[in-house]
Colleague: 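Dumping the structure here so I can ask a few things about it.
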Amino acid sequence: MSAPAITPVFVRLKLSLLRNGLRRSGGRKAAYVASAVGALLLAVLQTLGLVALRGHAHVESLAVLAVAVLGLGWAVMPLFFPGGDETLDATRLVMLPLRPRPLVRALLAASLVGIGPLFTLCLLAGSVLAVARGAAAFAVGVLAVALALLVCVAVARAVAAANVRLLTSRKGRDLAVLSGLVVAIGAQIVNFGVQRLGSSGLGELAPVGDVLMWVPPASAVGAVHAVGEGAYGVAAAQLALTAAALAVALAVWSRHLTRLMTAPDGSTLAGTESAARERRASGLARLLPPGRTGTVMERGLRYVWRDPKLKAAWVTSLAIGLIVPVFNAWQGTGSVYFACFAAGMLGIQMYNQFGQDGSAFWMVAMTISSTRDACAELRARAYALLLITLPYAALVTVVTTAMLGDWRRLPEALGLSFALLGAMLATGAWTSARFPYSIPQEGYKNVAPGQTGLAWISVFGGMMAAALLCAPVIALTIWLNLSAGGARLAWLLLPVGTGYGAVLTVAGLRLAAPRTARRLPEILGAVSKG
């Protein structure tokens with residue numbers, strides 16, 4: 001007697017999960033309906049827009065790019081929105097006697113139920129309608145839409161199965177904070193792309209489209225366009241590539257699913273592996289100075305790597321600090337001085353140093369019994385920041401200068417960047433002791449309730465003070481550029497700016513140390529409120 005088909009069961013299960021989820025509260029139902037209407041409205045508008053471009057000389061490049069971006073979105077969606085689909089957690093099926101292949105088919109069918117697949121289907125249909133020419137192209141388009149949709153869903157499932165242990169943990173859920181960074185950077189890239197298209201037309205996408213036509217799932221849309229052009233061999237190759245991508249995604253998904261449902265959970269294993277991993281990771285300490293300085297530096301660097309909110313702040317600063325000067329230089333409207341934006345974004349990380357420790361700051365406070373201890377603590381924290389910020393600010397400055405070809409101003413830009421970085425380290429150390437505030441460990445807020453004013457004073461007040469401290473170097477730069485023969489001495493701005501920034505850093509640390517030592521109880525109370 002053959003086993004009953006489980007695919008219909010899983011589809012009904014998905015529908016039941018959606019229906020029961022909406023029954024929990026009226027607010028949840030309203031939010032779901034509003035998001036569904038908004039997504040479908042956007043899908044319809046995009047489909048109509050693509051159809052309206054039918055017949056344009058380069059519409060296939062736009063359609064291929066849209067499908068490629070859509071496929072990328074499906075690939076990264078499980079990493080940033082693990083709670084968006086309850087059926088992504090296959091560990092709930094571990095105790096059921098299910099074989100991998102029937103389970104993959106059933107989960108694939110269940111994955112096609114929802115707003116996301118419907119949105120994807122609309123966009124794929126609009127892309128095919130925009131590029132199809134002739135009955136044969138429309139016939140191939142039906143197969144292309146089905147293949148592209150299955151590739152998107154299968155890739156998302158494979159990514160979720162490969163990372164399900166992380167995504168269902170508390171730390172994995174905290175990583176969703178990074179989704180805001182992805183949206184912010186993506187918005188900058190889209191804005192830049194729209195500006196370029198508005199000035200140059202869709203022809204700018206042709207080189208990108210020629211490449212993406214061979215990248216699944218966009219290759220399926222490329223096959224439809226190739227059939228319309230009479231290139232049946234190219235179309236067959238692109239369809240075969242899409243089908244191969246689907247087979248690979250299903251195979252990877254099946255393998256991870258099998259391992260997930262048969263291998264023991266890491267939490268049930270002995271701690272030898274994690275202990276060995278910790279011993280290997282401790283190799284960082286050998287590269288740092290000995291004593292308290294190296295210990296504090298290592299602790300700060302580990303915070304950057306392990307704490308989701310701190311990591312998101314650092315990645316945001318690194319990304320935006322590079323995007324602003326590079327994109328402006330790419331557009332031909334930038335200046336080498338825009339590279340100072342990287343130093344400014346990274347210098348912000350010095351503010352509220354003790355608030356980043358949270359309630360764990362009491363352990364640090366126990367090691368501070370004098371002004372000397374406080375100075376050593378602040379100095380080591382500044383060194384940890386400089387380990388990343390100094391080479392990165394220099395790299396961004398060199399890249400921006402190379403894109404603009406204005407090598408004569410490289411010493412000026414580097415000197416200004418280093419002076420600004422030193423000023424922000426100085427003011428950051430002082431405001432960390434004078435205006436500490438708590439950062440909540442859970443949720444998306446970066447300031448505890450009732451401390452917003454402290455955060456504004458600390459960050460924006462410190463930034464204004466840093467700008468004022470940099471005024472002498474800025475004035476010297478302006479004077480050398482306006483005076484006759486001053487251009488020959490502009491190279492002096494590099495050692496002057498570097499030395500000035502170092503002096504400011506040392507002075508700021510020395511001024512902040514006694515205040516830190518005196519206000520330890522107040523600082524501990526302020527940073528522990530979250």
Side-chain angles (χ1 to χ4, degrees), residues 4-22 32 35-36 39-40 42-43 67-94 96 98-125 127 142-168 172-173 176 179 216-218 220-221 242-261:
I6 63 173
T7 300
V9 176
F10 272 74
V11 173
R12 291 196 299 270
L13 175 62
K14 179 64 175 290
L15 292 173
S16 298
L17 287 173
L18 291 175
R19 183 174 59 253
N20 294 336
L22 297 178
Y32 182 85
S35 61
L40 293 179
L42 179 60
V67 175
V69 173
L70 185 67
L72 179 63
W74 273 94
V76 302
M77 179 183 64
L79 299 177
F80 293 118
F81 302 99
D85 186 354
E86 294 177 341
T87 61
L88 287 175
D89 186 6
T91 57
R92 302 181 181 185
L93 309 174
V94 170
L96 299 179
L98 301 174
R99 294 184 178 275
R101 288 187 179 179
L103 181 60
V104 166
R105 289 196 298 266
L107 288 175
L108 183 63
S111 301
L112 297 175
V113 178
I115 300 175
L118 184 57
F119 176 88
T120 304
L121 180 62
C122 293
L123 186 57
L124 291 172
S127 301
V142 176
L143 177 60
V145 169
L147 281 175
L149 179 60
L150 291 176
V151 167
C152 291
V153 174
V155 167
R157 283 291 183 172
V159 172
N163 298 277
V164 69
R165 297 294 188 193
L166 171 66
L167 298 179
T168 55
R173 289 192 296 269
S179 61
V221 178
T242 309
L246 176 60
V248 170
L250 291 175
V252 172
W253 180 17
S254 178
R255 186 183 57 150
H256 282 292
L257 198 61
T258 302
R259 182 182 303 172
L260 182 68
M261 301 185 72

Colleague: Using the side chain to side chain contact (heavy atoms under 4.5 Å, CB included) criterion, which residues pair with Ala109? Sequence neighbours excluded.
Modeller: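 Ala109 satisfies side chain to side chain contact (heavy atoms under 4.5 Å, CB included) with Thr7, Val11 once adjacent residues are dropped.
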Colleague: Which atoms form the tightest heavy-atom contact between Thr242 and Ala220, and what is the distance?
Modeller: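 Residues Thr242 and Ala220, closest heavy atoms: OG1-N, 3.3 Å.
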Colleague: Once rounded to the nearest 0.5 Å, what's the spacing between atom CZ of Phe119 and atom CG of Leu124?
Modeller: 10.0 Å
Colleague: When you look at Leu123 and Val67, which way does the side-chain contact (heavy atoms from CB on, under 4.5 Å) test go after all the steps?
Modeller: CA-CA 8 Å; Leu123 186 57; Val67 175; 5.5 Å; no
Colleague: Which residue pairs pass the side-chain hydrogen bond (donor to acceptor under 3.5 Å, both in side chains) test when at least one of the two sits in residues 143-153, sequence neighbours left out?
Modeller: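 Qualifying pairs: none.
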Colleague: Tell me, please, which residues at least two apart from Val252 pass side chain to side chain contact (heavy atoms under 4.5 Å, CB included).
Modeller: Ala158, Val248, His256
Colleague: How close do Trp253 and Val104 get, counting heavy atoms only, and between which atoms?
Modeller: CH2-O, 3.6 Å
Colleague: List the atom of Val153, the atom of Ser111, and the distance in Å for their closest heavy-atom pair.
Modeller: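 Closest approach of Val153 to Ser111, heavy atoms only: CG1-CB, 3.2 Å.
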Colleague: Who pairs with Leu150 by side chain to side chain contact (heavy atoms under 4.5 Å, CB included), at least two apart in sequence or on another chain?
Modeller: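 Leu150: side chain to side chain contact (heavy atoms under 4.5 Å, CB included) contacts with Leu108, Leu112, Leu246.
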Colleague: Between atom SG of Cys152 and atom CG of Leu70, what is the distance when rounded to the nearest 0.5 Å?
Modeller: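 So the gap between those two atoms works out to 5.0 Å.
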Colleague: Tell me, do Pro117 and Trp74 make a side-chain contact under 4.5 Å, heavy atoms counted?
Modeller: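 Side chain of Pro117 against side chain of Trp74, heavy atoms only: contact under 4.5 Å found.
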Colleague: Working to the nearest 0.5 Å, report the span between OG of Ser254 and CZ of Arg105.
Modeller: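 The CZ atom of Arg105 is 10.0 Å from OG of Ser254, to the nearest 0.5 Å.
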Colleague: Does Arg255 have any side chain to side chain contact (heavy atoms under 4.5 Å, CB included) partners at least two apart in sequence or in another chain, and if so, which?
Modeller: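 Scan of Arg255 (side chain to side chain contact (heavy atoms under 4.5 Å, CB included), adjacent residues dropped) gives Arg259.
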